[in-house]
Each structure stands twice: as C-alpha cells, then as structure tokens.
Amino acid sequence: MGGLLLAVVVGVAMDPVAAGLTDAASSSAGSSVVATGGTTTVQVTALDMRFSPREVEVPAGDRLVIELTNGDSAVHDLVLASGATSGRLEPGETTTVDAGVVASDTDGWCSVAGHRLMGMTLEIVVTGSAAEAAPPAVEHQHGQASDATDAADDLDPGAEPDADFRAWDAVLAPAALSGVEQSGGTAHTVDGATTHHVTLRAQEAEREVAPGVTQLAWTFNGAVPGPVLRGRVGDTFVVTLVNEGGIGHSLDFHAGALSPDEVMRTIAPGETLTYTFTANRSGIWMYHCSTAPMSLHIASGMFGAVIIDPPGLPAVDHEYLLVQSELYLGPQGGEADAAKVADGDSDLVVFNGYAHQYRHRPLEVLTGDSVRIWVLDAGPNRASAFHVVGGQFSSVYREGDWVLRDGGSTGTGGSQVLALQPAEGGFVELDFPEAGTYPFVTHAMSDAESGASGRFLVTD
Ligand SMILES: [Cu+2]
C-alpha cells in the first residue's frame with residue numbers, strides 16, 4: 001500500500017500537466033471550450049471487437065453526436081471518458097450518444113468485460129487551434145473499478161471458511177446417473193446408446209472463492225465448475241444453452257467432433273440454442289464458453305467436464321473429480337480483473353472453484369479402498385501436475401489411453417504425477433496403505449500454495 005501511494009505522489013510530481021494541476025493547463029482548458037453552435041454527427045459501428053472507424057474528428061467547439069450501431073453478434077456499448085454512455089446495445093441495435101462540446105482529445109471504449117483490452121476503443125480527436133494545449137481527459141475506468149479494493153488484498157492464507165461452507169461435491173456419480181440427470185436432466189437408452197438431455201443456463205452468480213473473498217462469477221447453472229456430464233461411447237448429448245446473463249455467451253464441447261460454425265456461436269442475453277453431439281471417443285473432455293475474450297469467460301467460471309467412460313472401466317470404491325482452474329481477482333463481489341487475465345497474472349489456482357476447499361473439507365476413504373481421481377485442467381492458462389503426497393499411482397490414464405496399468409511393461413512401474421496442459425484430462429488410481437492425512441496438490445508448488453491443494457483423510 002505504501003509503495004502504491006508513493007508511486008502516485010511521484011507520478012504527480014513528475015507529470016503536473018497530466019494531472020491537470022498547472023495554471024497553464026487550467027487556463028487552456030477553459031479557453032478551449034468555446035462553443036461554435038455547430039454539431040458534428042458521426043456514424044460508428046461496433047463489429048468484430050472493433051469500433052469502425054476507430055478514430056473520429058470533431059472541430060473544436062462543435063457538439064459531437066455519435067450514432068452507434070452494434071453490427072456484432074455480441075452485446076456492446078460505448079462509454080466516453082466524460083462519462084457519456086450508450087448503454088448496452090443488443091446485436092443490430094442503434095442508438096445516439098450525445099458527447100456534448102468536446103474540449104480536448106478523448107477516449108471511448110466498450111465497457112463489456114474484457115472488450116476494451118481486446119481493442120474496442122474509440123479515439124475522439126479535436127481539430128483546430130483551441131484544442132492543442134488542452135489537458136488530456138481523466139479516464140474513468142468503467143467496469144474495472146480502479147478505485148475499488150482489489151479482492152486479492154483480502155486473501156488470508158490462514159482463514160477458515162464459515163462453519164456452513166459446503167465444498168463442491170467431488171464425488172462422481174456413475175455414468176448412468178450423471179450430475180446433470182440428478183439435477184433435472186433426462187436420459188433414455190435405445191439399443192445400448194443413451195441420449196442425455198441437458199440444459200445449461202449461462203448465469204451470473206456471486207460466489208465465495210476463498211474465505212472472505214467473493215467474486216461475480218459467470219457460470220453454467222450457478223456453480224463453478226458447471227454440471228458434470230457423464231456417459232458412454234456412442235451416447236448423444238442434446239444440450240440446450242439458455243443465456244440468462246447480461247452479455248453474450250456460448251458453448252464448446254471438446255467431447256464431440258463437429259463443425260463449430262453454428263453450435264458454438266455466441267448468443268445474446270435471452271436467446272437459446274441447441275447443441276447436439278455424439279461422444280464417439282472416451283476420456284474426460286473440457287467444455288467451456290467460447291465467447292471472446294475466451295480467457296476471461298473461462299477464468300470467470302464458464303467451464304465443466306464431460307466424462308465418457310472407456311469401455312471396460314473397472315469399478316472402484318470411490319471416484320472423484322477435480323477440475324483445476326485459475327482465478328484473477330477483481331474487486332470484492334465484482335467481476336474478474338480482465339487485465340490480470342490478459343497478463344496471466346493469477347491470484348488463486350484452485351480445484352473445483354474454491355481455494356484449498358478439500359483441505360477444509362477433506363475427502364474421506366478407508367485404508368485399502370480403491371480410489372480413482374479424474375482430473376481436468378480448465379486453465380485458462382496454467383498446466384497441472386497432479387500429485388498425492390504419500391501416495392503412488394498404480395494406474396494413470398491420460399488423454400484417451402492408459403499411460404500405466406498393472407505395473408507397465410516391467411510389472412513394477414508406478415507413477416507420481418498426472419501432467420496436464422490446459423484442457424487436458426485423465427485419471428489416476430491408487431489406494432492408501434495406512435491411515436493418515438494425505439495432501440493432494442499440483443506439484444507446481446507456487447500454484448499449490450495459492451489454492452490448488454486438498455487432503456484425503458484415510459482411516460482404518
Ligand atoms: Cu461466456
């Protein structure tokens with residue numbers, strides 16, 4: 001905090017004009033606002049994460065009126081540094097932004113999360129003599145809340161969640177009874193293949209991500225990760241996406257091979273689409289929102305797992321699912337920090353959406369029980385090196401095949417880590433030889449320490 005304050009003070013001392021503190025700047029700002037009585041009207045279109053044109057000119061003293069059309073498939077807006085705004089525009093909508101008399105060069109941008117960083121900016125250039133010496137406008141970082149507290153400041157590694165905290169349920173239901181079917185979806189089987197009917201609702205939800213730290217997540221059905229879909233090779237999934245959020249969202253299922261053109265399109269708030277795929281290959285597959293910037297939509301919580309059992313998958317005593325992802329904290333209760341996401345500067349790395357949740361609520365098994373842990377790395381950016389402290393994996397299945405089974409070719413092989421790049425997945429199998437507390441982590445240790453750890457509590 002002290003460092004930040006110092007930086008601000010030094011900044012003012014070294015750049016008085018930018019801070020608008022000198023007499024010269026003040027007087028020239030006053031002299032630049034001589035209204036001509038004229039009005040300049042310009043047409044601007046939002047399309048492909050750009051404003052077109054990207055720069056508009058207005059003669060000094062003229063009133064500027066911007067006729068803004070959203071020619072895109074996603075929701076956009078235009079916010080000017082002065083505070084004037086178009087409000088959110090649905091695809092195809094047109095509105096008028098009255099910028100008033102523009103005294104000096106100024107910026108505009110789309111305030112939908114992440115869009116400004118992707119280049120949705122508009123420069124307003126004032127032409128004519130009066131504008132030359134005017135001070136640059138002070139930008140209000142709409143949506144980024146630069147003056148709000150960064151929720152990362154509230155992270156306390158020693159804090160406990162509230163007594164009524166409930167961990168995301170890592171226990172996996174068998175293929176015949178996936179999480180979706182348990183929560184209202186349906187499935188029917190014809191000639192051995194099952195058709196699963198699933199509804200995924202894109203919803204904003206304020207959720208705790210670490211003790212005392214909440215974020216406004218973008219979710220499927222209100223939870224992070226989203227619902228688990230599980231089936232067998234040959235099963236068909238008929239997924240209905242309902243966009244109940246405030247901006248555009250979409251779906252991308254890695255579990256099905258098909259043309260993305262139609263089914264992966266972004267739909268506007270209030271719209272619905274149907275995405276049907278057949279799972280012809282086994283493994284654990286990521287699904288996610290694929291609306292730009294995808295890094296931000298995934299980091300905000302829009303991901304989940306589809307598990308397609310390999311044929312002959314043996315029964316075990318316990319099956320769990322752990323999905324690793326990163327969090328890039330914005331203000332308390334606010335959206336993720338799009339700039340941190342763009343920089344890959346994460347605050348937390350977590351399993352199933354909450355820092356260290358299975359350290360607080362351990363997974364409980366008995367000595368000698370057979371345990372299978374499915375792991376998916378949802379990213380958006382970081383790899384996972386899944387490891388159980390004190391454990392050794394007797395089997396490893398990664399990206400569609402057994403890497404190790406029955407001791408491998410030597411009959412004596414074991415494994416210590418399941419290595420996964422973003423979007424990769426697999427499972428490990430082990431049993432625990434004696435009672436105790438066995439931590440599990442990503443062995444990228446800084447990530448484990450920033451949230452990606454849990455515990456197995458093993459009793460006799
Ligand atoms: Cu999305």
Side-chain angles (χ1 to χ4, degrees), residues 72-75 88 90-92 168-169 172-191 193-205 207 216-281 283-292 294 296-298 300-309 321 323 353 376 378 423:
D72 215 342
S73 57
V75 174
R88 297 269 161 112
E90 299 289 328
W168 193 92
D169 189 359
L172 261 183
L177 194 67
S178 76
V180 161
E181 279 124 32
Q182 285 173 310
S183 61
T186 59
H188 59 270
T189 302
V190 178
D191 297 334
T194 300
T195 301
H196 307 253
H197 293 269
V198 176
T199 298
L200 295 182
R201 300 175 184 279
Q203 297 173 331
E204 290 161 14
R207 52 183 300 278
L216 186 66
W218 303 347
T219 73
F220 292 114
N221 296 11
V224 178
V228 182
L229 282 60
R230 188 169 192 182
R232 297 189 179 85
V233 175
D235 284 3
T236 295
F237 293 79
V238 182
V239 180
T240 303
L241 172 66
V242 183
N243 187 351
E244 298 179 354
I247 60 172
H249 293 295
S250 56
L251 275 172
D252 175 349
F253 281 99
H254 297 187
L258 42 59
S259 164
D261 295 347
E262 279 302 309
V263 293
M264 296 187 197
R265 72 184 188 275
T266 293
I267 59 170
E271 288 187 353
T272 294
L273 69 72
T274 303
Y275 186 137
T276 302
F277 66 89
T278 298
N280 287 321
R281 295 188 173 94
I284 173 168
W285 304 89
M286 183 174 175
Y287 72 85
H288 59 91
C289 176
S290 60
T291 298
M294 225 183 286
L296 181 60
H297 284 250
I298 294 170
S300 296
M302 304 194 83
F303 56 83
V306 179
I307 295 177
I308 305 300
D309 288 0
L321 171 63
V323 182
L376 175 73

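Residue numbers run from 1 in the order of the sequence given. These numbers come from the heavy atoms of this one structure, side chains and all, not from hydrogens, waters or symmetry mates. Just so we're clear, the structure is a prediction, and the values are computed from it rather than from any experiment.
For the atom pair His288 NE2 and Met264 CE, the distance stands at 7.5 Å (nearest 0.5 Å). Rounding to the nearest 0.5 Å gives a distance of 4.0 Å between CD1 of Ile298 and CE of Met286. Rounding to the nearest 0.5 angstrom, the gap separating the CG atom in Leu172 from the CG atom in Leu321 is 5.0 Å.
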| task | Determine, step by step, whether Arg230 and Asp309 satisfy the side-chain contact (heavy atoms from CB on, under 4.5 Å) criterion, reporting the C-alpha distance in whole Å, the side-chain angles of both residues, the deciding distance to 0.1 Å, and the verdict. | result | CA-CA 8 Å; Arg230 188 169 192 182; Asp309 288 0; 2.9 Å; yes

| query | What's the verdict on side-chain contact (heavy atoms from CB on, under 4.5 Å) for Val263 and Leu251, showing C-alpha distance, side-chain angles and the deciding distance? | reply | CA-CA 8 Å; Val263 293; Leu251 275 172; over 6 Å; no

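Minimum interatomic distance between Gly353 and Pro225 (heavy atoms only, all atoms of both residues): N-CD, 4.4 Å. The two residues Glu204 and Gly246 have their closest heavy-atom pair at OE2-N, 3.1 Å. Closest approach of Val239 and Phe277 over heavy atoms only: CG2-CE2, 4.3 Å. What you find for Pro269 and Glu90 is that their closest heavy atoms are CD-OE1, 4.0 Å. Here the shortest heavy-atom pairing between Thr219 and Ala205 reads CG2-CB, 4.1 Å. Across every non-hydrogen atom of Trp168 and Val224, the tightest pair is CD1-O, 3.5 Å.
Looking only at side-chain heavy atoms (C-beta outward), Leu200 and Tyr287 come within less than 4.5 Å of each other. Between His196 and Leu229 there is no side-chain heavy-atom pair separated by less than 4.5 Å. Counting heavy atoms from C-beta on, the side chains of Ile247 and Trp218 come closer than 4.5 Å. Contact of the Met302 side chain with the Asp252 side chain is not registered, since no non-hydrogen atoms from C-beta on lie closer than 4.5 Å. The closest side-chain heavy-atom distance from Thr266 to His297 is not below 4.5 Å. Arg281 is not listed as a side-chain neighbour of Ile308, based on a closest heavy-atom distance of 4.5 Å or more. Inter-residue side-chain proximity for Thr276 and Thr236 is flagged as met; some heavy-atom pair is nearer than 4.5 Å.
Here the side chain of Asp235 pairs a donor or acceptor atom with the backbone of Thr194 at under 3.5 angstrom. A distance-only check finds no donor-acceptor pair linking the side chain of Arg265 to the backbone of Leu273 [under 3.5 Å]. Proximity of a side-chain donor or acceptor of Thr278 to a complementary backbone N or O of Asn280 within less than 3.5 Å is not detected. The closest donor-acceptor contact from the side chain of Ser250 to the backbone of Thr291 lies under 3.5 Å.
The stretch residues 237-247 participates, sequence neighbours left out, in these side-chain hydrogen bond (donor to acceptor under 3.5 Å, both in side chains) pairs: Arg201-Glu244, Gln203-Glu244.
In this structure, Phe253 has its ring center no closer than 6.0 Å to that of Phe237.
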